[in-house]
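Report on one structure; see the data block that follows.
Predicted model, so just to flag it, every value in this text is computed and none were measured. Just so it is clear, the values below take in all heavy atoms, side chains as well, and ignore hydrogens, waters and symmetry mates.
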Amino acid sequence: MIKEKTMVDDYKKISDKLLAEVSQETKGAGPDIGRLNMLTQTPSPEALQLIPEELARKYRAVPLSIEGNTLRVAMADPDDILTITALAARTKKRIVPVPATANDIQNAIDFNYKALGDIAKQFGLITSTPEALAREEMGSELTDDSPIARALTLIINEAVKSRASDIHIEPDESKLRVRYRIDGLMHTVSMLPANVHGPLISRIKILSGMNIADHLRPQDGQFSIQAKGRPIDVRVATINTIHGEMAVLRLLDKTLAAMALSQIGFLPELQKRFEDMLKVPYGMVLVSGPTGAGKTTTLYAALNSMDKDNKNIITTEDPVEYHFAGMNQIQVNIKAGLTFANALRSIVRLDPDIILVGEIRDSETAQIAVQSALTGHLVLSSVHANDTVGVLYRMIDLGVEPFLICSSIVGIVAQRMVRKVCPHCARTITVPVHEQMAYKRETGEDRSEFSYGAGCKACAYTGYLGRTGVFEILRISDEIRRMIIGGVGITELKWQAIQDGMVTLARDGMAKAKLGITTPYEVLRNVYTIE
């Protein structure tokens with residue numbers, strides 16, 4: 001007991017001393033004064049080898065450096081004696097705890113523990129003998145302990161740690177390229193031997209419930225996996241190319257399903273406009289934008305804002321990306337004859353209050369959705385169009401009469417996704433002249449300096465961390481109704497919408513640039529108008 005108390009006292013003295021030192025280093029750093037800034041720390045490879053990733057996540061600790069028989073470890077709770085003792089027993093070294101925030105610890109673990117070398121090692125086990133390669137490609141080794149299974153798990157885990165939304169597995173003449181889409185941009189993360197292509201695609205197909213023997217026709221499927229301690233749904237699509245089958249894995253983080261409208265990027269004024277549109281008892285609210293613009297996230301956030309207990313909410317989706325309690329969700333099944341149009345016909349006979357149609361793709365679905373909106377239902381859906389005014393003409397192109405559009409559509413939201421400035425390395429710089437001119441064009445203000453990220457560990461030295469939406473909301477006014485029925489051109493209709501108070505995509509983006517949320521460059525890259 002005396003020896004244990006002495007050890008505890010020693011650890012406490014060291015911790016207090018380090019806390020005083022770190023307080024001097026981080027003086028004036030904000031609310032986390034007294035805690036180490038992990039973004040400025042580079043753990044040594046030798047230290048990282050002493051504490052594997054699994055233990056680092058379990059104890060919320062990152063090894064920093066080795067000094068003789070002492071191991072400096074950043075910890076969220078430097079007074080946790082049990083953790084210190086466990087780490088000392090594991091490493092056979094004296095542990096010196098250094099305080100850091102839990103969030104910084106998590107980011108440091110994600111950044112410093114890379115499994116790309118382990119992925120190559122697992123594929124090396126597969127290709128070590130022709131027999132092993134053949135067994136893997138034929139799918140005979142289906143256990144989670146097989147090298148191909150471990151390699152695929154590592155690829156997905158690394159993607160989740162990197163905040164990737166998609167994994168692309170693309171065969172080439174001599175290599176198999178693995179790329180992640182992070183914050184909307186593609187990044188090559190690994191070049192694998194070409195002969196692992198077959199086993200890897202076979203493993204993905206088996207997990208997704210696809211036909212492993214069919215290499216010619218496009219297929220799609222879905223499976224679930226645990227990554228970083230949370231459930232991830234993986235939506236898979238494959239298609240044959242001239243070099244073999246490529247696969248794209250869309251990662252759907254179930255924790256994102258509960259996002260509120262305030263979390264997806266609405267500025268207060270636009271959020272209120274959107275919420276007012278959702279309060280109407282019947283009519284149609286449409287969301288537009290290209291693939292990957294966040295339309296589904298906005299629609300789900302709208303549903304989350306509604307009263308699920310006192311409303312009958314029914315959705316028809318292809319596919320059902322997230323599952324919600326208190327809602328009835330229908331999966332479109334083309335092979336079984338269940339299309340958006342057929343599902344919508346059945347839904348209106350099920351006494352719904354609110355109907356979500358995943359996407360209006362054809363004339364039949366558009367017609368039934370409009371009729372549903374006119375018969376006492378609130379219909380939410382998405383349409384592919386460049387902007388809000390473009391949606392009106394897209395609906396006309398789908399065969400909906402202009403007078404029905406005027407009677408049914410309450411409002412339209414157009415959106416894009418832009419990268420956010422990394423808060424850890426943001427600093428103010430003078431931007432190029434063309435960015436200044438673009439900003440002035442949208443806001444009427446002269447401004448030359450904006451917030452940009454310098455690049456740090458947290459953002460993988462890109463200067464951007466995460467994404468947010470930019471929005472354009474069109475509320476159908478009486479004047480716009482008259483113009484639609486009169487068949488005016490798109491330019492006149494857009495001018496009238498702006499006169500009615502519509503904030504364009506570009507203007508909303510520049511407003512976010514002014515606030516330091518994003519940059520003029522990002523707005524120009526993602527939002528443009530042809531006039």
Side-chain angles (χ1 to χ4, degrees), residues 261-262 264-280 283-290 293-295 298-299 301-302 360 373 378-397 400 402 405-418 438-445 468-515 517-518 520 522-524 526-531:
L261 288 174
S262 59
I264 62 177
F266 279 110
L267 293 178
E269 181 184 352
L270 293 186
Q271 181 177 333
K272 185 179 185 305
R273 289 188 194 180
F274 187 45
E275 289 173 339
D276 288 343
M277 287 161 45
L278 298 175
K279 291 176 182 177
V280 300
M284 183 181 291
V285 177
L286 299 174
V287 179
S288 72
K295 299 185 298 296
T298 299
L299 289 170
I360 295 178
L378 176 60
V379 179
L380 308 179
S381 189
S382 66
V383 179
H384 282 284
N386 290 330
D387 55 19
T388 52
V389 176
V391 172
L392 297 172
Y393 289 89
R394 174 61 178 155
M395 294 295 285
I396 293 173
D397 183 57
V400 181
I405 291 175
C406 296
S407 302
S408 61
I409 297 181
V410 176
I412 304 168
V413 178
Q415 68 180 84
R416 300 287 190 277
M417 297 295 286
V418 295
Y439 177 81
K440 184 176 181 179
R441 175 190 174 193
E442 297 301 331
T443 65
E445 300 177 11
T468 189
V470 293
F471 302 91
E472 176 178 294
I473 298 181
L474 170 62
R475 185 72 185 257
I476 307 297
S477 65
D478 291 338
E479 182 60 32
I480 286 179
R481 289 188 177 94
R482 283 192 290 270
M483 295 177 75
I484 294 171
I485 294 174
V488 302
I490 191 169
T491 303
E492 292 85 350
L493 202 55
K494 185 170 184 178
W495 181 87
Q496 181 60 46
I498 292 173
Q499 295 301 113
D500 291 342
M502 183 181 79
V503 177
T504 64
L505 284 163
R507 182 163 296 184
D508 185 50
M510 289 303 180
K512 290 182 170 68
K514 180 179 181 178
L515 295 172
I517 297 172
T518 187
E522 270 298 287
V523 178
L524 289 173
N526 292 280
V527 180
Y528 62 91
T529 56
I530 301 175
E531 297 182 354

Quiz item: Given Val470 and Asn526, is the side-chain contact (heavy atoms from CB on, under 4.5 Å) satisfied, shown in steps?
Solution: CA-CA 10 Å; Val470 293; Asn526 292 280; over 6 Å; no
Exercise. Starting at CG of Leu286, measure out to CG of Leu299 and round the result to the nearest 0.5 Å.
Key: 9.0 Å
Quiz prompt | CD1 on Ile360 to CE on Met395, rounded to 0.5 Å | solution = 4.5 Å
Quiz prompt | Min side-chain heavy-atom separation Ile473-Thr388 under 4.5 Å | solution = no
Exercise. Carefully, step by step, assess Ile476 and Ile405 under the rule side-chain contact (heavy atoms from CB on, under 4.5 Å).
Key: CA-CA 10 Å; Ile476 307 297; Ile405 291 175; over 6 Å; no
Quiz item: Does Arg507 use its side chain to pair, donor to acceptor, with the backbone of Glu442 at less than 3.5 Å?
Solution: yes
Exercise. Under the side-chain contact (heavy atoms from CB on, under 4.5 Å) rule, what do Gln499 and Glu479 come out as? Steps first, then yes or no, please.
Key: CA-CA 11 Å; Gln499 295 301 113; Glu479 182 60 32; over 6 Å; no
Quiz item: Hey, does Lys295 have a side-chain heavy atom less than 4.5 Å from the side chain of His384?
Solution: yes
Quiz item: Under 4.5 Å between any side-chain heavy atoms of Ile517 and Thr468, yes or no?
Solution: yes
Quiz item: Are Glu275 and Lys279 close enough for a salt bridge, meaning some N to O gap below 4.0 Å?
Solution: no
Self-check item: Which atom of Tyr393 lies closest to which atom of Ile490, heavy atoms considered
Solution: OH-N, 3.4 Å
Self-check item: For Glu492, all residues meeting side-chain hydrogen bond (donor to acceptor under 3.5 Å, both in side chains), sequence neighbours excluded
Solution: none
Quiz item: Would you say Arg482 and Cys406 make side-chain contact, with heavy atoms under 4.5 Å?
Solution: no
Quiz item: Closest approach of Ala385 and Gly390, non-hydrogen atoms and distance?
Solution: CB-C, 3.9 Å
Quiz item: Heavy-atom distance under 4.5 Å between the side chains of Thr504 and Val527, does that happen here?
Solution: no
Self-check item: Contact summary for Pro402 and Ile396, nearest pair of heavy atoms
Solution: CG-CD1, 4.4 Å
Quiz item: Does Lys272 come within less than 4.0 Å of Asp276, counting only side-chain N to carboxylate O?
Solution: yes
Quiz item: In Å and rounded to the nearest 0.5 Å, what is the CG to CZ distance from Asp387 to Arg416?
Solution: 7.5 Å
Self-check item: Which atom of Ala414 lies closest to which atom of Leu505, heavy atoms considered
Solution: O-CD2, 3.5 Å
Quiz item: Do Val383 and Ile412 come within less than 4.5 Å of each other through their side chains, counting heavy atoms only?
Solution: no
Quiz item: At what distance, to the nearest 0.5 angstrom, does CG of Leu474 lie from CG of Leu493?
Solution: 7.5 Å
Practice problem: Name all residues meeting the side-chain hydrogen bond (donor to acceptor under 3.5 Å, both in side chains) criterion together with Asp508; count only those two or more places apart in sequence or in a different chain, and write none if there are none. | Solution: Lys512
Self-check item: Ile264 versus Phe471, closest heavy-atom pair with distance
Solution: O-CZ, 3.7 Å
Quiz item: Taking side chain as C-beta onward, heavy atoms only, is Met502 less than 4.5 Å from Glu472?
Solution: yes
Exercise. Report the distance from atom CG of Leu278 to atom CG of Leu380, rounding to the nearest 0.5 Å.
Key: 6.5 Å
Self-check item: Atom pair CE (Met284) and OG (Ser407), whose distance is rounded to the nearest 0.5 Å
Solution: 11.5 Å
Practice problem: Considering non-hydrogen atoms only, spot the tightest contact between Leu261 and Ala302 and give its length. | Solution: CD2-N, 3.9 Å
Quiz prompt | Any Tyr439 side-chain heavy atom under 4.5 Å of Val523 side chain | solution = no
Quiz item: Does Thr298 have any side-chain hydrogen bond (donor to acceptor under 3.5 Å, both in side chains) partners at least two apart in sequence or in another chain, and if so, which?
Solution: Gln415
